[in-house]
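Here's the structure, in structure tokens; my notes come after.
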Amino acid sequence: MKISFWLLDINYEVKDKGAEAWLWGVEITGKRVLIIDRDFLDYFYAVLNEGADPSRVIEEIKSEKHLPIEKIETVERKFFGKPVKAVKVYCKDPDAMSKCARALRNIEGVNDCLENDIRFSMRYLIDNNVVPCGWHEVDVVEEKSSMEVHVDHVYEAKSKPKLLEKSDVPKLKILGFTTTYYSKEGSPKPNRNPVIGISVATSQGKTKEFWAKEDNDDKPLLEAFVACVRDFNPDVVVGYGVNGNDWPYLTDRCKQLGLHLYVDRTKTEPHTSSYGHVSITGRANVDLSDYADEFPEVKVKTLENLADYLGIMKIESRILIEDVEVANYWDDKTKRQMLKRFSLDNARCVMGIAEAILDFAMQLSNLVSLPLDHVGAAAAGFRVEWFLAKRTRESGELIPKRIEQPYRPYSGAIVLEPKPGLHENVIALDFKSMYPNIMINYNLSPDTYVPPKEPEPEGGVYEAPEVKHRFRKEPPGFYKQALSELIEVRNKIRSKMKTADAKSPQHRVLDARQKAVKVITNAMYGYAGWTGARWYMKPVAEAAAAWGRHTIASTIKMAENEGLNVVYGDTDSIFAKNEPEKVDKLLVEVKEKLGLEISRDKMYVRIFFTEAKKRYAGLLPDGQLDIVGLEVMRGDWAAVAKKVQEEVLEIVLKEQSPAKAAKFVQDFIYELRQKRVAYRDLIIWKTLAKPAEEYAVKAAHIEAARMLREKGWELSVGDKVGYVIVNGAGRLYERVKPYMFATYDEVDIEYYATKQVVPAAARVLASFGITEDQLLSNETKEKGSKKLTDFFGS
DNA sequence: GCGTTCAATGTACCT
DNA sequence: ACAGGTACATTGAACGCG
């Protein structure tokens, strides 16, 4: 029987007869299925020394009778572009591969063993061209089994699944949840604090709540939650921060209570796996917090903030409850309803965010071939790496071992000194995908690099400016092939998108896919220079950067020769006074001489540069401000300062009246001193970037974190701490309090005036001769006194 | 002993 | 745990003074 299925999850089971690949999927009919493939043998390579005799090595391997080796064959492969002979060693037990590889490394003639570190599931996906979140066709027979598996059919595969062109996504059942723990003081711990609530929302628009009774006994609610999951039988389970918090907590708590957290499709419990994600067999467990980085505009990445940003639930419409307050809300019967509402709303937010993110997540999973539950947890470097690993099947490249390389810095891009002040009518020109195109044009790749001592190969080399690294022109390298394909695929998707209705599901899927392709394309250069990369090759990254510098420097020269006035530039962009005919000519000349495409990007009616690089603000034709690098864009300044600076920029750019802006600042400071600004606008957020003991100096946010810990609130690396500066003497770090522990009365308003609002405003206004002192003086509030406008006009 | 100076530290941003 | 280039606030030790 032939069936078509969409691959949701993969795992493997080791049985006496060997390992089985378990493919979990959704049939085209909508049936949920498990397909078991018992016909795949895991393997690794023993790479031979040059000139070694393969048959002798094979004899020796065969003599190692104690090793669970099933089959051996000689093969031709490539390693960093060089042809090598290797012995492919098949093992029945995937878990014994590393042991085998270690033993075979000692055999004479064996240079090294490779790919023993590729896990069975990934091996299966790569070798058989089976792709997560993709459709396949496979021959199967129904399995007569007594196994308790929560799907419509269990099949045994009678062929290898064959990838289909079909690119839609089946209708999936999604379940989102949030939890509430009860702890009077400090972070909840599974060994002492019960789960008092779990709220659930599903893709079918239903919600469910499980709350503890008066005795706070969580056993019944946990049992009810498990039953709810099994009953709904979702394909995808989503939450926010679930990999690090909820799943470990719930698993541990259930263990304490003697319960089984059987939320999967077999009867196993959630378990931590690759990249720290939690695996739920037969379902895709997706932690939405893994995708928060896709939204850099959101600075403090809480569920509430992300939902607000995505327009799912506006924060103003909500009652927010801090962790510190949860127990109080629960204990106070008059407030308990608010806590329940808060939790349910959060579950709805989780479902809303899932709907916004899952398309992208599935396309990313499909593109790089990491299962949906792995791909979010995998860092950018690993996503690129698996994308490349997947391509070794065609290229015959062996996958290198991961070797931690010593860090060796190299020079990167050029940033031009901006011409400070206001400029009218400026155009930004930029190279699209500069590094990827450079890597393609000059065939920069780990397998095309020609080390200095090697003679120039036939067919010639490209030699990078300044750094002089050489790369063979032919054949096309591993990176070039991958990048060309990515760029071509993205162009195809984008042209296809134009023919699809912008609101159609097809358009959504295509847009998600082109974003996934873009992310991987843009990360390839960084990957090449990452010391943790399997295909790390510093000369590749260094040469790309050198060609980038050459490109932008040449472009500036051409622009100036053309008579254009270049006012700024960074890496792959230049900003110039807009003279359309000259720009037209430049675009053509650059393309001709450099073989790279530069195009018009943003047009600025007016643009303002400070004296610093990477910080400017421009007025766009539609009236929007484009603010870059300034305090407005930063997450570590109090909202008061950011709001004032934004208003100042608005006045300066639109009305061209620094005096009016200065007046606004003075008035604002008056309001600030009257304590009329919202308390939350005074909070400063900073990330804990390392463990407490590793800090060499004292600092405000570290001190605030210490105070939280003292009260039992656990913080870990990567967490953001919100604090305010309070009245008192001494260093800044001696006058800090976590914002939930301080009151408005304690706040040191003068700090916010002199160290937040005024510097942020002065960053802009200093260019117009307005000093911090002038901004701080409140003389405009006194009747009859001279106003700044008297000095500067309006 | 005290105020000033400046390199080091730490975070977050830009492309 | 993709790269390097950059700004900026704050700390804290070195420095200068007499």
Side-chain angles (χ1 to χ4, degrees), chain A residues 275-276 293 296-297 299-300 377-385 387-388 402 404-405 407-418 428 430-436 439 519-538 540-546 548-549 551-552 568-575 601 610-616 626-638 641 684-690 694-703 717-718 720-721 725 730-736 751 754-756 759-760 762-763:
Chain A
Y275 315 114
D293 289 344
E297 304 89 332
K299 305 297 176 184
V300 182
F382 295 105
R383 295 174 187 173
V384 173
E385 192 146 278
F387 173 81
L388 291 170
R402 191 181 307 288
E404 199 53 49
Q405 309 273 1
Y407 173 69
R408 290 265 167 271
Y410 64 89
S411 300
I414 294 174
V415 188
L416 295 190
E417 212 64 61
D430 70 356
F431 288 95
K432 299 278 173 249
S433 306
M434 186 175 77
Y435 288 137
M439 291 166 83
V519 165
I520 297 302
T521 309
N522 290 342
M524 197 78 72
Y525 154 75
Y527 175 84
W530 171 41
T531 55
R534 287 176 190 262
W535 281 282
Y536 169 65
M537 187 59 70
K538 195 183 94 162
V540 169
E542 197 170 27
R549 292 193 295 273
T551 302
I552 202 72
Y568 181 60
D570 184 350
T571 310
D572 57 358
S573 68
I574 64 168
F575 291 61
D601 192 32
T610 65
E611 296 202 346
K613 298 169 174 180
K614 296 182 187 284
R615 316 188 113 218
Y616 58 88
D626 180 38
I627 304 172
V628 178
L630 293 166
E631 282 71 11
V632 175
M633 304 312 289
R634 295 185 64 98
D636 58 348
W637 282 73
I684 298 165
W685 293 91
K686 272 199 167 78
T687 306
L688 289 175
K690 48 188 177 182
E694 283 177 27
Y695 282 101
V697 292
K698 302 212 170 195
H701 71 297
I702 307 165
E703 203 54 24
V717 172
K720 278 227 167 29
V721 186
I725 301 302
R731 298 289 201 180
L732 198 62
Y733 63 79
E734 295 170 298
R735 299 189 285 125
V736 67
Y751 170 80
T754 60
K755 297 290 185 177
Q756 290 278 330
R763 195 90 56 217

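Note that the coordinates shown come from a computational prediction; the quantities given were computed from them, not determined experimentally.
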Check your understanding: Just checking A/G412: base, sugar-phosphate only, or nothing, at a heavy-atom cut-off of under 4.0 Å?
Key -> sugar-phosphate

Check your understanding: Judged by atom type as modelled, is there a donor-acceptor pair below 3.5 Å linking the side chain of A/T687 to the main-chain atoms of A/A689?
Key -> no

Check your understanding: Angle class for the A/Y525/A/Y435 ring planes (parallel below 30°, perpendicular above 60°, tilted otherwise)?
Key -> parallel

Check your understanding: What does A/A699 touch in the nucleic acid at a heavy-atom separation under 4.0 angstrom: a base, only the sugar-phosphate, or nothing?
Key -> nothing

Exercise for review: Any pair with a residue in residues 519-531 of chain A that passes salt bridge (Lys or Arg N to Asp or Glu O under 4.0 Å), sequence neighbours left out, goes on the list, sorted by first then second residue, please.
Suggested key: none

Review point. Nearest to the side chain of A/Y751, which nucleotide is it out of C/dG5, C/dT10, C/dG12?
Key: C/dT10

Review point. Heavy atoms under 4.0 Å, any strand shown: does A/G532 hit a base, just sugar-phosphate, or nothing?
Key: nothing

Give every pair of a protein N or O atom and an N or O atom of nucleotides 3-6 of chain B that lie under 3.5 Å apart, one pair per line with the distance.
none

Review point. Quick one: on DNA chain C, does A/N522 or A/A413 contact a more 5' nucleotide (nearest heavy atom)?
Key: A/N522

Practice item. Indicate, with a heavy-atom threshold strictly under 4.0 Å, whether A/R383 touches base, sugar-phosphate, or nothing. Key: nothing

Point to revise | A/E703 side chain vs A/K698 backbone, donor-acceptor pair below 3.5 Å | key: no

Review point. Counting only distance, no hydrogens or angles, is the base of C/dG4 paired donor-acceptor with the side chain of A/R549 under 3.5 Å?
Key: no

Review point. With a 4.0 Å cut-off on heavy atoms, is A/R763 in touch with a base, just the backbone sugar-phosphate, or nothing at all?
Key: sugar-phosphate

Considering only nitrogen or oxygen atoms on both sides, find all protein atoms under 3.5 Å from nucleotides 11-15 of chain B and state each distance.
unit_1: B/dT11; atom_1: OP1; unit_2: A/T687; atom_2: O; d: 3.2
unit_1: B/dT11; atom_1: OP1; unit_2: A/Y695; atom_2: OH; d: 2.6
unit_1: B/dT11; atom_1: OP1; unit_2: A/H701; atom_2: NE2; d: 2.6
unit_1: B/dA12; atom_1: OP1; unit_2: A/T687; atom_2: N; d: 3.0
unit_1: B/dA12; atom_1: OP1; unit_2: A/T687; atom_2: OG1; d: 2.8
unit_1: B/dA12; atom_1: OP2; unit_2: A/T687; atom_2: OG1; d: 3.0
unit_1: B/dA12; atom_1: O4'; unit_2: A/R634; atom_2: NH2; d: 2.8
unit_1: B/dC13; atom_1: OP1; unit_2: A/K299; atom_2: NZ; d: 3.2
unit_1: B/dC13; atom_1: OP1; unit_2: A/M633; atom_2: O; d: 3.2
unit_1: B/dC13; atom_1: OP1; unit_2: A/G635; atom_2: N; d: 2.7
unit_1: B/dC14; atom_1: OP1; unit_2: A/G629; atom_2: N; d: 2.7
unit_1: B/dC14; atom_1: O2; unit_2: A/K614; atom_2: NZ; d: 3.0
unit_1: B/dT15; atom_1: OP1; unit_2: A/Y616; atom_2: OH; d: 2.9
unit_1: B/dT15; atom_1: O3'; unit_2: A/D570; atom_2: O; d: 3.2
unit_1: B/dT15; atom_1: O3'; unit_2: A/D572; atom_2: OD1; d: 2.0
unit_1: B/dT15; atom_1: O3'; unit_2: A/D572; atom_2: OD2; d: 3.4

